[in-house]
Amino acid sequence: MEFNKRLMENYWNKLTSEEFWEQAVDATIDIMIILIVSWIAVRLGKKFIKKVFLIRIRSPLNHSERRQRTISRLLQSIISYAVYFSAIIAILSRLDIKIAGLLAGAGIVGLAIGFGAQSLVKDVITGFFIIFEDQFGVGDYIKINGAEGTVVEIGLRTTKINGGTGEQFIIPNGSIGEVVNYSVNNSKIFIDLQMTSDADFERAESIIKKYLESLPDVHKELVTVPAFLGVQNVKGTEVTIRIVAETLPQQQYGVARTIRRDVTKLFEENNIPMSHPKMMLYGVKDEGRNE
């Protein structure tokens with residue numbers, strides 16, 4: 001009982017001493033300075049990186065704007081983590097907390113976790129290289145391990161893809177193998193239309209070519225004027241003609257639908273017969289019925 005009383009008196013004397021409050025005020029001022037300097041360093045670092053990469057993005061020699069933006073954001077995050085981690089270490093040191101013991105304990109715990117989380121490490125490393133190498137980005141239409149759709153999120157551990165019918169694929173980065181990216185290069189599509197063999201082919205070709213030449217002024221997603229390739233196949237009384245169009249990535253489907261609709265309408269207006277499926281009806285004579 002006497003020991004506890006003396007202990008409380010020592011604590012009280014320490015809390016009410018002028019030296020304690022001087023040290024507390026000095027430590028508070030130092031911590032505030034550390035926090036302010038860290039905040040300024042992060043702001044200046046992010047601003048510097050953003051300005052440097054903005055110059056690179058606007059450069060006429062730049063061929064991967066998306067990659068520059070991705071690396072810029074990654075470096076900004078690294079600066080934030082590094083500066084604030086250093087600030088925490090500085091604050092702990094100012095409070096006379098032994099940093100060496102904390103780091104040693106963290107190292108042991110990290111080693112133990114590492115042995116049981118090799119797949120996690122693999123996911124993180126693979127995710128870093130996906131972002132750094134700009135293999136694909138958010139908004140790209142890709143195919144990975146049988147999953148096909150639009151990338152909605154890329155993390156250091158997983159990649160999320162939205163499929164065409166609303167499903168979402170969440171793929172660990174470490175399991176990503178072959179990647180097919182449909183959004184990097186221009187897209188091409190072949191449009192086949194069927195005519196009857198007795199149609200005026202030369203007149204149809206002239207009408208189609210004149211129509212195709214007018215398309216780039218209307219559809220900005222077209223890279224070049226679509227080309228009329230001519231007869232692709234002849235089967236019985238059916239002639240298949242082919243048109244090829246090159247568009248910006250993933251813009252080919254809308255253009256193809258427009259061309260099919262317009263060419264069909266032009267053929268109808270110019271009395272050029274198109275081939276349609278025909279249904280044949282065969283009658284069976286009833287021998288028992290009197291005519």
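Just so you know, these numbers come straight off a predicted model, no measurement behind them.
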- [ ] Flag yes if more than 12 heavy atoms outside Glu178 fall under 6.0 Å of its CD atom; otherwise flag no.
- [x] no

Task: Contact summary for Pro273 and Asn271, nearest pair of heavy atoms - done: CD-O, 3.5 Å

Task: Ser187 (side chain) donor-acceptor with Thr247 (main chain) under 3.5 angstrom - done: no

Open item on the list: Determine whether a donor-acceptor pair (N or O, by modelled atom type, separation under 3.5 Å) exists between the side chain of Asp140 and the backbone of Ile142.
Closed with: no

Open item on the list: Tell me whether the count of non-hydrogen atoms from other residues, nucleotides or ligands lying under 6.0 Å of CZ in Arg43 goes above 12.
Closed with: no

Open item on the list: I need the single residue from Thr159, Val180, Ile161, Val184 that forms a side chain to side chain contact (heavy atoms under 4.5 Å, CB included) with Phe136. Which is it?
Closed with: Thr159

Open item on the list: Strictly distance-based, threshold 3.5 Å: is any side-chain N or O of Thr150 a donor or acceptor partner for the main-chain N or O of Gly139?
Closed with: no

Open item on the list: Contact between Ile176 and Asn173 at the side-chain level, heavy atoms closer than 4.5 Å - yes or no?
Closed with: yes

TODO: For residues Leu222 and Glu246, determine if any side-chain heavy atom of one lies less than 4.5 Å from a side-chain heavy atom of the other.
DONE: no

Task: Distance in Å, Met274 CE paired with Glu238 CD, rounded so as to fall on 0.5 Å steps - done: 9.5 Å

Open item on the list: If you define the side chain from C-beta out and look only at heavy atoms, does anything of Thr240 sit under 4.5 Å from Val231?
Closed with: no

Task: Heavy-atom check, side chain of Phe228 versus side chain of Glu205, under 4.5 Å - done: yes

Open item on the list: Does Ile189 form a side chain to side chain contact (heavy atoms under 4.5 Å, CB included) with Val255? I'd like the steps, not just the answer.
Closed with: CA-CA 9 Å; Ile189 191 164; Val255 172; 5.9 Å; no

TODO: Provide the closest heavy-atom pair for Asn186 versus Pro249 in the form atom of the first, atom of the second, distance.
DONE: OD1-CD, 3.8 Å

- [ ] May I ask you to decide if Pro172's main-chain N or O and Ser175's side chain share a donor-acceptor pair within less than 3.5 Å?
- [x] yes

Open item on the list: For a side chain to side chain contact (heavy atoms under 4.5 Å, CB included) check, start with the C-alpha distance between Ile259 and Tyr211, then their side-chain angles and the critical distance, and finish with the verdict.
Closed with: CA-CA 9 Å; Ile259 292 176; Tyr211 162 72; 4.1 Å; yes

Task: All side-chain hydrogen bond (donor to acceptor under 3.5 Å, both in side chains) counterparts of Asn162, not counting sequence neighbours - done: Gln168

Open item on the list: Between Glu213 and Lys209 (salt bridge meaning N to carboxylate O under 4.0 Å), is one present in this structure?
Closed with: no

TODO: With sequence neighbours excluded, tell me which residues meet side chain to side chain contact (heavy atoms under 4.5 Å, CB included) with Ser80.
DONE: Val42, Lys46, Tyr84

Task: Beyond-backbone contact of Asp30 with Met32, side-chain heavy atoms, under 4.5 angstrom - done: no

Open item on the list: Tell me if a side-chain donor or acceptor on Ser206 pairs with a main-chain N or O of Glu202 at a distance below 3.5 Å.
Closed with: no

- [ ] For side chain to side chain contact (heavy atoms under 4.5 Å, CB included), just list the numbers for Phe190 and Gln232, CA-CA rounded to whole Å, side-chain angles, deciding distance to a tenth of an Å, and then say yes or no.
- [x] CA-CA 11 Å; Phe190 296 95; Gln232 179 66 21; over 6 Å; no

Open item on the list: Has Arg203 got a side-chain atom pairing as donor or acceptor with Asn270's backbone, closer than 3.5 angstrom?
Closed with: yes

Task: side chain to side chain contact (heavy atoms under 4.5 Å, CB included), paired with Ile241, selected from Ile208, Leu229, Asp192 - done: Ile208

TODO: Would you indicate whether the side-chain heavy atoms of Val83 and Trp39 approach each other to under 4.5 Å?
DONE: no

TODO: Report the distance from atom OG of Ser38 to atom CD1 of Ile33, rounding to the nearest 0.5 Å.
DONE: 11.5 Å

Task: Ile272 and Met195, any side-chain heavy atoms less than 4.5 Å apart - done: yes

- [ ] Flag the pair Pro226 / Leu215 as yes when at least one side-chain heavy-atom distance between them is below 4.5 Å, and no otherwise.
- [x] yes

